[in-house]
There are 2 protein chains.
Amino acid sequence: MDDLTEMLKGTLEGCVLEIISGEETYGYAITRRLNELGFTDVIEGTVYTILLRLERNGLVQVTKRPSEVGPPRKFYALNEAGRAELATFWAKWQYVSSRIDRLREGGR
Amino acid sequence: MDDLTEMLKGTLEGCVLEIISGEETYGYAITRRLNELGFTDVIEGTVYTILLRLERNGLVQVTKRPSEVGPPRKFYALNEAGRAELATFWAKWQYVSSRIDRLREGGR
DNA sequence: CCCAGGTACCTCGTAGTACTGAGTACCGCT
DNA sequence: AGCGGTACTCAGTACTACGAGGTACCTGGG
């Protein structure tokens, strides 16, 4: 599937929040996870800009830990504000996707 | 539901295409239709920029017709390229939304 | 020892999209 | 004549994802 970038706007951040909420993890691994999930074109640079934004907005707690196979990793975990943001993301997603599906059904 | 604007990027154009595909219609009415559908914050200016883009990209056929209640209307109808674009939009939507839903299900 | 390759992070510039705000103009009604 | 509803246009703004490049750590092979 090619060029989903415009459709991912506004949802990618939520996806990253969801991944972080599942387990404390770091940028490089998040990129791999997104690629596995089918978002094959999502690139490291994109994920890092999202992570920096989350940090700047105070939605995550960051912990730096050494790695045995490379440079130190920055692990991200959701804080209370992050969990709240994730909840509103899913609410918005539910709202938007249901309405688009309804439109698709020839919808009234 | 407030501030869906980022999440609508990339999907609003598809919604407009879908509405046009249902019946030949014009900008002002499309805006009303979107508002009815739940996208209450979508504003005329946004719809017109989308319509101009569709026209510039050769996805629609435009017909100007007089109105009895105001200035003349520009009616839009999909051409062959527009129908193709609409089909790929729904394919992308299917792809993206299914994957996001899977992620939400704690998904593997 | 050095260098390639995988791991891990950061940053600047660009492009695309939705929104804002202002402007223009037509119409019917009072 | 003026007002409210209809209808379109356009310049400017904000936000997000992406591309391309750079830095740095580690292991293994030549």
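Convention: sequence-line order gives letters A, B, ...; per-chain numbering from 1.
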- [ ] Using whole Å, report how far CG of A:Leu34 lies from C1' of D:dC18.
- [x] 14 Å
Open item on the list: Donor-acceptor pair, distance only, cut-off 3.5 Å: does the side chain of A:Thr46 make one with the backbone of A:Val42?
Closed with: no
Open item on the list: If you apply the rule side-chain contact (heavy atoms from CB on, under 4.5 Å), what do you find for B:Ile50 with B:Leu12, and how did you get there?
Closed with: CA-CA 8 Å; B:Ile50 291 172; B:Leu12 210 47; 4.0 Å; yes
Task: Main-chain N/O of A:Leu59 paired with A:Asn57 side-chain donor or acceptor, under 3.5 Å - done: no
Task: Nearest-angstrom distance from the residue atom CG of A:Leu51 to C1' of C:dA8 - done: 12 Å
- [ ] Tell me which of B:Tyr76 and B:Val69 sits closer to the 5' end of DNA chain D, going by the nucleotide each one is nearest to.
- [x] B:Val69
Open item on the list: Looking at B:Arg102 and B:Glu105, is any side-chain nitrogen of the basic one under 4.0 Å from a carboxylate oxygen of the acidic one?
Closed with: no
Open item on the list: Strictly below 4.0 Å: does B:Tyr48 bring a side-chain N or O up to OP1 or OP2 of D:dC10?
Closed with: no
- [ ] Just compare D:dC8, C:dA8, C:dC19 and give me whichever is closest to any side-chain atom of B:Glu44.
- [x] D:dC8
Open item on the list: Distance criterion of 3.5 Å, no angle test: do you see the side chain of B:Lys9 paired donor-to-acceptor with the base of D:dC15?
Closed with: yes
Task: Below 4.0 Å: OP1/OP2 of D:dT16 and any side-chain N or O of A:Thr5 - done: no
Task: Proximity to the side chain of B:Arg53 - top-ranked nucleotide from D:dC18, D:dC15, C:dA18 - done: C:dA18
Task: Nearest-Å distance for atom pair CZ/P, residues A:Arg65 and C:dA8 - done: 14 Å
Task: Any side-chain heavy-atom pair of B:Arg73 and B:Tyr28 under 4.5 Å - done: no
- [ ] Figure out the CG/P separation between B:Leu12 and C:dC19, and round it to whole Å.
- [x] 6 Å
Task: Candidate nucleotides D:dA17, D:dT6, C:dA18, ranked by approach to the side chain of A:Thr46 - the nearest - done: D:dA17
Open item on the list: Heavy atoms from C-beta onward define the side chain here; which of D:dC18, D:dT9, D:dT16 lies closest to that of A:Thr49?
Closed with: D:dC18
Task: Atom-pair distance (CG on A:Leu54; C1' on D:dT16), nearest Å - done: 13 Å
- [ ] Nearest-nucleotide wise, let me know which of B:Ile50 and A:Gly27 is further upstream toward the 5' end of DNA chain C.
- [x] A:Gly27
- [ ] With heavy atoms under 4.0 Å as the rule, sort B:Arg32 into base, sugar-phosphate or nothing.
- [x] sugar-phosphate
Task: Between C1' of D:dT16 and CG of B:Asp3, the distance in whole Å - done: 13 Å
- [ ] Grab the CG-C1' distance between B:Leu8 and D:dT16 for me, whole Å please.
- [x] 14 Å
Task: Selected nucleotide, minimal atom distance to B:Glu13 side chain, candidates D:dT6, C:dT17, C:dC9 - done: C:dT17
- [ ] Side chain of A:Tyr26 only, please: which of C:dC19, C:dC9, C:dG16 is the nearest?
- [x] C:dC9
Task: Short N-O contact, B:Glu24 and B:Arg65, less than 4.0 angstrom - done: yes
- [ ] Give B:Ile43 one of three labels, base, sugar-phosphate or nothing, depending on what nucleic acid heavy atoms sit under 4.0 Å from its own.
- [x] base
Task: Atom pair distance, as rounded to whole Å: CD in A:Glu6 and P in C:dA15 - done: 13 Å
- [ ] Indicate whether OP1 or OP2 belonging to D:dT9 is found under 4.0 Å from a side-chain N or O atom of B:Lys74.
- [x] yes
Open item on the list: Taking the minimum atom-to-atom distance to the side chain of A:Arg73, which one of C:dT7, C:dT20, D:dT6 wins?
Closed with: C:dT7
Open item on the list: Of the options C:dA8, D:dC18, D:dT9, whose atoms approach the side-chain atoms of B:Leu52 most closely?
Closed with: D:dT9
